[in-house]
Trainee: 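This is the structure, below, for whatever I ask next.
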Amino acid sequence: MLDQRLLRDNPELITEQLGRRGMSVDLTGLQLIAKQERDLEEQRSNLQAEGNRIGKEVGAMIKGGAAPGSPEVMELREKGNRIKQQVSVLEEEEKNLQVKLREQLMTFPNLPLAETPDGKTEADNVEVKRWGEPRTEGELEEHWQIAERLGLFETERSVRIAQSRFITLMGQGARLERALISFMLDLHTGKGYREVMPPILVNTASLTGSGQLPKFAEESFRCAEDDLWLTPTAEVPITSLHRDEVIPADQLPLRYVSYTPCFRREAGSYGRDTRGLIRLHQFNKVELYWFCHPEKSAEAHEQLTLDAEAVLEALELPYRRLELCTGDIGFSAARTYDLEVWLPGAGSFREISSCSICGDFQARRSAIRFKEGKSTQLLHTLNGSGLAIGRTMAALLENGQQVDGSVKLPAALVPFFGSDTIAAQ
RNA sequence: GGAGAGGUGGCCGAGUGGUCGAAGGCGCAGCACUGGAAAUGCUGUAUAGGGGCAACUCUAUCGAGGGUUCGAAUCCCUCCCUCUCCGCCA
């Protein structure tokens, strides 16, 4: 959420920065509401102060021996009553304005950082790094062809169990998924990340706090009876891990790594990526998350991205890093690097991690602050996949495919998977 | 699902209508004492919003919302949550 003070004092900045995202907003009405709200607050609190004085006066008079029904006391009591009525009128107006203001502010995305390049679509993203030697020989299979041939998952039967865009991993496929989760968690905890396994049903406040609600309700699965939603990413529960907390500055940064299943409705993506592991309603992901000091967040963003890249490098998967443009960064993000892995079967790079700095955007929505000396202020949050498991498996299958039809796995995975090869069984 | 108990500051815990943002303790910070420390003593120590250059000051907040009252942590209503026991269950 954007800062109300910024709205009051410098709405031009908001208009300008949202403009970089391709949005055209007119904030004059909202700014007026914000100012009215503050005026009302002042009137109301002055009235309340007077009411408090009267209350004390009445108490003192009665204690001093005056009869509660005596004319002097009665006069004050009636004055108090009138003030109470005025206050309740003002309070209601104020509340209406507050709700309106908040509702609107909640729908605005984060302001991009200066570093985020201007642009409209993903075509304007900037490649900033490339690693590894992509395989480009012809006649390579796509991951779903390999997986079906080797019996790593069930597609038709998954529809029977659930519906389309769900997958059932089988045998070595299930084992590889499990190996990847363990491998990534171990890699990150070895660097000091604290492992978290949170609830994956989360309440509305959690989803609002990280920015998925109110705007993107149609993207999440909901358990209507219970005010609970299936989490679309571990970013949601981890953000709320410290919701409404004040953290001592010397404890920062807090770095977490979390494996969770993730659930997305993928509304509006009919017909895209219908085969295989690329786009599913349910998928596994290992997520990296930092709570950090505002002055350290830029540095943290680089480090978090390097930590995600370390997984790709350990798995010997060629990738590139993109700096997303203002038109392509997510709702809560101020700056984002996407990591794209090379899929030789598909012949393209594919997003496998998205590493974002959210500034104080989520912290304000979730009231997560830190205390340094006497001052309490909002901290910064960052998140990034480290990595999406299903897409990692797809990449391993396509990059490791051999002429004999088997798949060669990177050495780093052998201790977890128990073999360096997946062959037909 | 059945029965009961309870939600007060970073923590514990007192407080059943007025001077209570809230005793006391713990913790924490500063100062004193000390060669240094412990112990001890003194002082300070919530959050949000508004006003002021500042000292400071006003308002709100004792789970949430509503009500009674001139005045509510304290009385009334509704809701939420937590804990204990029983049942069921991975």
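In the text below, chain A, chain B and the rest are named by the order of the sequence lines, each starting its count at 1. Quick caveat, the model's predicted, so the values are computed rather than measured.
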Trainee: Please tell me if A/Lys371 has a side-chain N or O lying less than 4.0 Å from either OP1 or OP2 of B/U47.
Mentor: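 It does, given that an N or O in the side chain of A/Lys371 lies less than 4.0 Å from OP1 or OP2 of B/U47.
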
Trainee: Nearest to the A/Ala49 side chain among B/C70, B/G50, B/U59, which nucleotide is it?
Mentor: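 Closest nucleotide to the A/Ala49 side chain: B/U59.
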
Trainee: State plainly whether the residues A/Glu141 and A/Arg149 are in salt-bridge range, i.e. N to O under 4.0 Å.
Mentor: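 Yes, charged N to carboxylate O under 4.0 Å.
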
Trainee: For A/Arg82, which contact category applies under a 4.0 Å heavy-atom criterion: base, sugar-phosphate, or nothing?
Mentor: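 Nothing, no heavy atom under 4.0 Å.
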
Trainee: Do A/Ile329 and A/Arg21 have side chains that approach each other closer than 4.5 Å (heavy atoms only, starting at C-beta)?
Mentor: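 Sidechains of A/Arg21 and A/Ile329: in contact.
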
Trainee: In whole Å, measure the gap between the P atoms of B/G21 and B/G71 for me.
Mentor: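 B/G21 and B/G71 have their P atoms separated by 15 Å.
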
Trainee: Does any non-hydrogen side-chain atom of A/Leu382 lie less than 4.5 Å from one of A/Cys355?
Mentor: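 The answer is no, as the side chains (C-beta and beyond) never meet within the 4.5 Å cut-off.
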
Trainee: Just the rounded figure in Å: distance from P of B/U47 to CD1 of A/Ile247.
Mentor: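 Distance check: A/Ile247 CD1 to B/U47 P gives 14 Å.
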
Trainee: Within less than 4.0 Å of OP1 or OP2 of B/G50, is there a side-chain N or O belonging to A/Arg44?
Mentor: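 False: A/Arg44 side-chain N/O out of range (4.0 Å or more) of B/G50 OP1/OP2.
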
Trainee: Using a heavy-atom cut-off of 4.0 Å across all strands, would you classify A/Arg53 as base, sugar-phosphate, or nothing?
Mentor: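 Here A/Arg53 touches no strand at all.
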
Trainee: Output the single nucleotide from B/G18, B/G66, B/A48 whose closest atom is nearest the side chain of A/Val58.
Mentor: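 Of B/G18, B/G66, B/A48, B/G18 is nearest to the side chain of A/Val58.
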
Trainee: Scan A/Glu41 against the nucleic acid and name what it touches under 4.0 Å (heavy atoms): base, sugar-phosphate only, or nothing.
Mentor: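 Touches a base.
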
Trainee: Heavy atoms from C-beta onward define the side chain here; which of B/G65, B/G51, B/C70 lies closest to that of A/Arg38?
Mentor: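 Of all the options, the side chain of A/Arg38 is nearest to B/G51.
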
Trainee: If the cut-off is 4.0 Å, is A/Thr376 near the phosphate of B/U47, judged by side-chain N/O to OP1 or OP2?
Mentor: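 Affirmative; the distance criterion is met.
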
Trainee: Would you call the rings of A/His281 and A/Phe166 parallel, tilted or perpendicular, where under 30° means parallel and over 60° means perpendicular?
Mentor: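 It falls in the tilted class, 30° to 60°.
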
Trainee: Under 4.0 Å, heavy atoms only, any strand: does A/Ile62 hit a base, just the sugar-phosphate, or nothing?
Mentor: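 The residue A/Ile62 makes base contact.
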
Trainee: Relative to the 5' end of RNA chain B, which residue comes earlier, A/Lys56 or A/Gly80, by the nucleotide with the nearest heavy atom?
Mentor: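 By nearest-heavy-atom nucleotide position, the 5'-most residue is A/Lys56.
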
Trainee: Taking only the side-chain heavy atoms of A/Arg369 (C-beta and beyond), determine which of B/C58, B/U47, B/G50 contains the nearest atom.
Mentor: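 It is B/U47.
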
Trainee: Hunt down the Watson-Crick or G-U wobble partner of B/G7, both distances under 3.5 Å, from any strand shown, or write none.
Mentor: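 Because both required distances fall under 3.5 Å, B/G7 counts as paired with B/C80.
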
Trainee: Could you state the atom-to-atom distance from CG of A/Leu7 to C1' of B/G49 in whole Å?
Mentor: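 It works out to 16 Å between those atoms.
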
Trainee: Would you measure the distance from the C1' atom in B/C42 across to the matching atom in B/C33 and give it in whole Å?
Mentor: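 To the nearest whole Å, 11 Å.
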
Trainee: What's the gap between B/U59 and B/A22 when it is taken at their P atoms, as a whole Å value?
Mentor: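 Their P atoms lie roughly 13 Å apart.
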
Trainee: Under a 3.5 Å cut-off for both distances, is B/A54 Watson-Crick or wobble paired, and to whom?
Mentor: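 WC or wobble partner does not exist here.
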
Trainee: Work out how far the C1' atom of B/U57 is from that of B/G24, and round it to whole angstrom.
Mentor: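 Their C1' atoms lie roughly 29 Å apart.
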
Trainee: Do A/Arg194 and A/Tyr256 form a cation-pi contact, if we require the NZ or CZ to be under 6.0 Å from the six-membered ring centre and within 45 degrees of the ring's axis?
Mentor: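 No, A/Arg194 does not sit over the ring of A/Tyr256.
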
Trainee: Begin with the C-alpha distance, continue with both residues' side-chain angles, and end with the deciding distance and a verdict on side chain to side chain donor-acceptor pair (under 3.5 Å) for A/Asn52 and A/Gln48.
Mentor: CA-CA 6 Å; A/Asn52 287 343; A/Gln48 281 175 323; over 6 Å; no

Trainee: Which one is paired to B/U16, where only Watson-Crick or G-U wobble pairs with both distances under 3.5 angstrom count?
Mentor: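 Result: none.
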
Trainee: In whole angstrom, give the distance that lies between atom CG of A/Asp3 and atom C1' of B/G49.
Mentor: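 Distance check: A/Asp3 CG to B/G49 C1' gives 12 Å.
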
Trainee: Are A/Lys95 and B/G66 close enough that a side-chain N or O sits under 4.0 Å from OP1 or OP2?
Mentor: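 Checking B/G66 against A/Lys95, a side-chain N or O does come within under 4.0 Å of OP1 or OP2.
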
Trainee: Going by purine N1 to pyrimidine N3 plus the second Watson-Crick contact, or the G-U wobble pair, all under 3.5 Å, which nucleotide sits opposite B/A48?
Mentor: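 Answer to the pairing question: B/U59, which forms a Watson-Crick or G-U pair with B/A48.
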
Trainee: Taking the P atom in each of B/C31 and B/G36, what is the distance between them to the nearest angstrom?
Mentor: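 The same atom, P, in both gives a distance of 13 Å.
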
Trainee: Tell me the partner of B/A90, counting only Watson-Crick (N1-N3 plus N6-O4 or O6-N4) or G-U wobble (N1-O2 and O6-N3) with both under 3.5 Å; none if nothing fits.
Mentor: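 B/A90 is unpaired by these criteria.
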
Trainee: Using both distances under 3.5 Å as the test, list the Watson-Crick or G-U wobble partner of B/G21, or none.
Mentor: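 Checking every strand shown, B/G21 finds no partner, since no pair has both distances under 3.5 Å.
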
Trainee: Output the rounded distance in Å from CZ (A/Arg5) to C1' (B/G50).
Mentor: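 Checked: the CZ to C1' distance equals 11 Å.
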
Trainee: Please state the C1' separation for the pair B/A46 and B/A29 - nearest whole angstrom.
Mentor: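 Their C1' atoms lie roughly 15 Å apart.
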
Trainee: What's the closest nucleotide to the side chain of A/Gln48 if the choices are B/G18, B/C58, B/A60?
Mentor: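 Closest nucleotide among those given: B/A60.
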
Trainee: Quantified in whole Å, what is the C1' atom distance between nucleotide B/A64 and nucleotide B/A73?
Mentor: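 Looking at atom C1' only, B/A64 and B/A73 are 15 Å apart.
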
Trainee: Counting any heavy atom closer than 4.0 Å, what does A/Asn52 reach on the DNA or RNA strands: base, sugar-phosphate only, or nothing?
Mentor: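 Sugar-phosphate only.
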
Trainee: Would you kindly compare A/Ala60 and A/Asn46 by the position of their nearest RNA chain B nucleotide and give the one closer to the 5′ end?
Mentor: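 The residue mapped nearer the 5' terminus is A/Ala60.
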
Trainee: Using Watson-Crick or G-U wobble geometry with both distances under 3.5 Å, which nucleotide pairs with B/G36?
Mentor: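 Paired with no nucleotide.
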
Trainee: Using purine N1 to pyrimidine N3 plus N6-O4 or O6-N4 for Watson-Crick, or N1-O2 and O6-N3 for G-U wobble, both under 3.5 Å, which nucleotide pairs with B/C75?
Mentor: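 In the structure as shown, B/C75 has B/G67 as its Watson-Crick or wobble partner.
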
Trainee: Expressed as a whole number of Å, how far does the C1' atom of B/G52 sit from that of B/G44?
Mentor: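 My reading of the C1' atoms in B/G52 and B/G44 gives 24 Å.
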
Trainee: Distance check needed: B/G52 P versus A/Glu42 CD, whole Å only.
Mentor: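 Rounded to whole Å, this separation is 9 Å.
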
Trainee: In this structure, how many angstroms lie between the P atom of B/G50 and the CG atom of A/Leu40, rounded?
Mentor: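 Rounded to whole Å, this separation is 14 Å.
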
Trainee: Specify the separation, in whole Å, of atom NZ of A/Lys84 and atom P of B/G66.
Mentor: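 For the pair A/Lys84 NZ and B/G66 P, the rounded distance is 14 Å.
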
Trainee: Let me know the distance between CG of A/Leu76 and P of B/U69, rounded to the nearest Å.
Mentor: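 My rounded result for the distance is 17 Å.
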
Trainee: Going by atom types only, do A/Gln85 and A/Arg82 share a side-chain donor-acceptor pair under 3.5 Å?
Mentor: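 Their side chains do not contain a donor-acceptor pair, so the 3.5 Å distance test is not met.
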
Trainee: Would you call the rings of A/His301 and A/Tyr337 parallel, tilted or perpendicular if under 30° counts as parallel and over 60° as perpendicular?
Mentor: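 Rings of A/His301 and A/Tyr337: parallel, under 30°.
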
